[in-house]
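Here the structure is laid out as structure tokens; the discussion comes afterwards.
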Amino acid sequence: MSTASPPPPTPTPAVDSPPVVPKPTTNLRIAHLNMSSAPCLGVGNHSSVHRAALRLPIPLSARSPTGEVTVAAKTGFSNEEARRLLHNEGKMYDAFPKHLQEDWCGLNLVAPITHPVPVGAVVPKFYGYYVPVREDVEREKQEAVRAEKKAQNDPGHKAWERLSPILLLQECGSPITPGNFSADERSECYSLALRLHHAEFTQNSFYTRNILKQAGPLTAAPSKRSMSTPSFRIIDFGRGEFWPHKLQAVKEKNAERRRRRTKYTMAVPTEEEMKLRVSDEADEDTEDKEALEECGKAWWELRDYEVRKAHSELQIRDFMY
């Protein structure tokens with residue numbers, strides 16, 4: 001009679017061994033955003049921003065006790081204007097080139113400033129713009145619950161509100177107070193607006209509440225950062241514009257106008273009809289040119305206004321530069 005041999009002992013993992021990362025059960029890269037207890041960073045006229053914890057998709061993990069990273073999560077209020085501004089801000093962040101979001105070190109010359117200024121990032125890092133999915137299914141569930149509570153005369157029922165898209169960004173500190181700024185700090189904040197213009201962007205809401213300050217430089221370890229070497233970022237691009245987008249919109253409007261006015265048939269035109277067509281085409285070309293020139297003029301006036309607005313908000317005197 002044979003006896004079964006006992007199973008080999010399970011090896012005890014070493015204390016310093018790395019944690020075992022579970023294998024993903026799907027090819028999708030799914031992250032988890034916890035906003036249930038997210039503290040509020042700020043509330044505006046159309047949106048609110050919360051400090052939220054983001055658990056990265058497997059196999060990524062943050063070097064923190066919980067494996068999560070902190071992000072700024074921006075949501076819009078339920079009205080159409082708020083959602084339009086949030087959507088436009090998502091488009092703006094998607095259009096920003098990487099050099100406006102990356103951390104650099106060193107100095108740079110940004111015209112018309114005549115002295116070197118730090119060359120850090122201009123805007124927060126962009127972690128994505130996320131829209132609700134299957135919202136119609138969720139709405140049916142909420143409406144069913146609402147109808148049941150209303151039938152029971154429960155005062156707790158409320159109307160359905162559309163879920164807001166979420167804009168995830170790097171958290172970049174608190175709004176500036178330029179009244180106690182040094183000349184160098186004013187120069188650095190001013191240079192951020194100029195660098196946006198050089199990259200063909202305008203912010204269109206240049207107020208001190210939309211410029212954030214935190215301990216820096218961010219190229220250094222957190223323990224070595226200080227408010228004596230701050231890092232600045234421009235935020236809130238709900239009303240921002242990008243010149244290529246603006247120009248393309250004018251071209252599409254011109255093309256639509258041409259399509260509406262086209263009345264020609266497939267028949268062979270007479271000499272008089274050909275002359276009329278040539279005249280109409282010349283008129284259309286003139287209107288196209290005028291629309292493009294007006295767009296360009298408005299763009300430069302907008303940039304000039306934003307420069308003057310930056311001078312006012314940052315309390316910069318004209319003779320300083």
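In this structure a side-chain-to-backbone donor-acceptor pair under 3.5 Å is missing from E284 to R258. Under a 3.5 Å cut-off, the side chain of N34 and the backbone N or O of S36 do form a donor-acceptor pair. With hydrogens and angles ignored, the 3.5 Å screen pairs no side-chain donor or acceptor of N210 with any backbone N or O of I235. No donor-acceptor pair closer than 3.5 Å links the side chain of S191 to the backbone N or O of V110.
Taking a 4.5 Å side-chain heavy-atom cut-off between Ile, Leu, Val, Met, Phe, Trp and Tyr, the cluster of V43 extends to F77. Under a 4.5 Å side-chain heavy-atom cut-off, the cluster of Ile, Leu, Val, Met, Phe, Trp and Tyr residues that includes W104 is completed by V119. Using a 4.5 Å cut-off between side-chain heavy atoms of Ile, Leu, Val, Met, Phe, Trp and Tyr, Y305 forms no hydrophobic cluster with any other residue.
Take S228 and apply the side-chain contact (heavy atoms from CB on, under 4.5 Å) test, not counting sequence neighbours, and it matches S226. Every ring-ring contact (aromatic ring centres under 6.0 Å, His included) that F242 has, sequence neighbours left out, goes to F201, H245. Every residue meeting the salt bridge (charged side-chain N to carboxylate O under 4.0 Å, His left out) condition with K275, not counting sequence neighbours, appears here in chain and number order: E271. Every residue meeting the side chain to side chain donor-acceptor pair (under 3.5 Å) condition with E171, not counting sequence neighbours, appears here in chain and number order: R51. When the salt bridge (charged side-chain N to carboxylate O under 4.0 Å, His left out) test is applied to E306, no partner is found at least two apart in sequence or on another chain. Legend: residues meeting side chain to side chain donor-acceptor pair (under 3.5 Å) with R209, ordered by chain and number and at least two apart, are absent.
Inter-residue side-chain proximity for P116 and N108 is flagged as unmet; no heavy-atom pair is nearer than 4.5 Å. Proximity of T202 to H197: side-chain heavy atoms (C-beta onward) are separated by under 4.5 Å at one or more points.
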Listed pairs under 3.5 Å, donor-acceptor, residues 172-182 side chains, sequence neighbours left out:
{"from": "S182", "atom 1": "OG", "to": "E185", "atom 2": "N", "distance (Å)": "3.3"}

Extract all donor-acceptor atom pairs below 3.5 Å that involve side chains of residues 290-302 and protein atoms in other chains or at least two apart in sequence.
none

Please set out all donor-acceptor pairs under 3.5 angstrom arising from side-chain atoms of residues 52-62, sequence neighbours excluded.
{"from": "R55", "atom 1": "NH1", "to": "T66", "atom 2": "O", "distance (Å)": "3.3"}
{"from": "R55", "atom 1": "NH2", "to": "T66", "atom 2": "O", "distance (Å)": "3.2"}

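Counting only N and O atoms by type, the side chains of R225 and S223 include no donor and acceptor under 3.5 Å apart.
Taking all atoms of both residues into account, the shortest heavy-atom contact from L167 to G90 is CD1-CA, 4.0 Å.
In this structure, M274 places its CE atom where only 12 or fewer heavy-atom neighbours from other residues, nucleotides or ligands lie under 6.0 Å away.
Exactly one residue among K309, E241, R239 makes a side-chain hydrogen bond (donor to acceptor under 3.5 Å, both in side chains) with N204. That residue is E241.
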